[in-house]
Amino acid sequence: MADEPKQRPAMSNGEPAAQSAANQGRGLVFIISAPSGSGKSTLVNELRQSVEGLDFSISCTTRAPRGSEQNGREYRYLSRREFEEMIAADEFLEYAEVFGNYYGTARRYLQQAIERGNDLLLDIDVQGAAQLQAKLPASICIFILPPSRRELELRLRRRSTAEHVDDGIIRRRLDTASQEISNYNHYDYILVNDRLEDSIEALKAIVLSERLRRSGDEPSGEVRRLAERCRLENARECIQSILATFGNQESSAVR
Ligand code: 5GP
């Protein structure tokens, strides 16, 4: 990171040529992981709608569609047998079992994104992210954290009414969240999803600043400020106080 960033107007003050170019994608892979209930789907949807040149990898899953979900939009819904046939045919870039169901990223999404000259956005769990980091070390990994365990529990309880899930499932999701969060150290950016609007801006800033860097430019202004604040090394203090609410110790794993 250069100490003297080039002067560039803030994201909200219009877009100079380099930033406009940075809005288009060219083969970057963005991985987003988060515990269930942290608001990741909303953030991912906002990002998909507001950033150009970003293909979304529609995962395959063996879980049943929820609510208004549609086959081919949120997920490709497969039977266990169909999923296992794809595993046998080596069609997955990564796959994992989450909450008793298979989830996987088909290889073709990455290929298609590259062919279209776009970047690829993946919403996958910590196991899948670890597999991809090994295969694609240049991928940019973002972990979304809830502001505290209490806030996560409140969000899960609010959602549980719509999903008709019981207390046991909420407890299981909280336990899983605690385990997943202990993997934060493997991610490049940590985004604390407190206020949704702020988190969306921060997420967009991360994507823009990585694109600028890839084009040989240094991000500056508001984009730089928002993105840098989320960098793992700059977010440690904040992470520690959140981890403490989960009763987690500092993870020893370092990327
Ligand atoms: P949900 O069923 O709530 O949509 O997702 C459950 C978990 O599966 C989330 O943590 C989500 O990120 C993860 N997930 C979704 N798609 C994939 C995938 O293709 N691979 C992996 N490893 N995890 C996925």
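Everything numeric here is computed off the predicted structure, so don't read it as measured data. Whatever order the structure lists ligands and atoms in, that order sets their numbers, starting from 1.
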**OP:** May I ask whether Gly104 has any heavy atom positioned less than 4.0 angstrom from an atom of ligand 1?
**Re:**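 So Gly104 counts as touching ligand 1.
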Original post:
Would you say the side-chain atoms of Tyr77 and Thr61 include a donor-acceptor pair closer than 3.5 Å?
Top reply: no
**OP:** Answer yes if the side chains of Gln133 and Tyr187 hold a donor-acceptor pair under 3.5 Å, and no otherwise.
**Re:**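 Their side chains do not contain a donor-acceptor pair, so the 3.5 Å distance test is not met.
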Mode of [X] contact toward ligand 1 - side chain, backbone, both, neither (heavy atoms, under 4.0 Å):
{"X": "Glu94", "result": "side chain"}
{"X": "Tyr75", "result": "side chain"}
{"X": "Glu74", "result": "neither"}

For [X], atoms of ligand 1 separated by under 4.0 Å from a heavy atom:
{"X": "Arg66", "value": "1 (P), 2 (O), 3 (O), 4 (O)"}
{"X": "Ala96", "value": "22 (N)"}
{"X": "Arg63", "value": "1 (P), 2 (O), 4 (O)"}
{"X": "Gly128", "value": "22 (N)"}
{"X": "Thr105", "value": "19 (O)"}

**OP:** Could you tell me whether Glu218 and Arg224 make a salt bridge, using a distance below 4.0 angstrom between a side-chain N and a carboxylate O?
**Re:** yes
Subject >> Arg171/Asp175 ion pair, N-O < 4.0 Å >> reply: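 So Arg171 does not pair with Asp175 through a salt bridge.
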Among all protein heavy atoms, pick out the one at the shortest distance from [atom]; state its residue, atom name and that distance to 0.1 Å.
{"atom": "atom 19 (O) of ligand 1", "answer": "Ser59 OG, 2.6 Å"}
{"atom": "atom 23 (N) of ligand 1", "answer": "Asp125 N, 3.1 Å"}
{"atom": "atom 11 (C) of ligand 1", "answer": "Lys40 NZ, 3.4 Å"}
{"atom": "atom 7 (C) of ligand 1", "answer": "Val98 CG1, 3.8 Å"}

**OP:** Check the pair Asn193, Ser199 against side-chain hydrogen bond (donor to acceptor under 3.5 Å, both in side chains), reporting the backbone distance first and the verdict last.
**Re:** CA-CA 6 Å; Asn193 187 17; Ser199 303; 2.8 Å; yes
Subject >> Cation-pi check, Arg80 onto Tyr102 ring (under 6.0 Å, within 45° of axis) >> reply: yes
Check whether any N or O atom of [X], backbone or side chain, sits under 3.5 Å from an N or O atom of ligand 1, and answer yes or no.
{"X": "Asp123", "answer": "yes"}
{"X": "Cys60", "answer": "no"}
{"X": "Glu180", "answer": "no"}

To the nearest 0.5 angstrom, please state how far the [atom1] atom of [X] sits from the [atom2] atom of [Y].
{"X": "Gln131", "Y": "Thr105", "atom1": "CD", "atom2": "OG1", "result": "8.5 Å"}
{"X": "Leu28", "Y": "Phe30", "atom1": "CG", "atom2": "CZ", "result": "4.5 Å"}
{"X": "Arg76", "Y": "Ile58", "atom1": "CZ", "atom2": "CD1", "result": "9.5 Å"}
{"X": "Asp166", "Y": "Arg172", "atom1": "CG", "atom2": "CZ", "result": "9.5 Å"}

Subject >> Plane angle bin for Phe92 and Phe83 - parallel if under 30°, tilted between 30 and 60°, otherwise perpendicular >> reply: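 Plane angle under 30°, so parallel.
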Original post:
Where the closest heavy atom to atom 8 (O) of ligand 1 is concerned, which of Tyr109, Tyr102, Tyr103, Phe92 has it?
Top reply: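 Looking at heavy atoms only, Tyr103 sits closest to atom 8 (O) of ligand 1.
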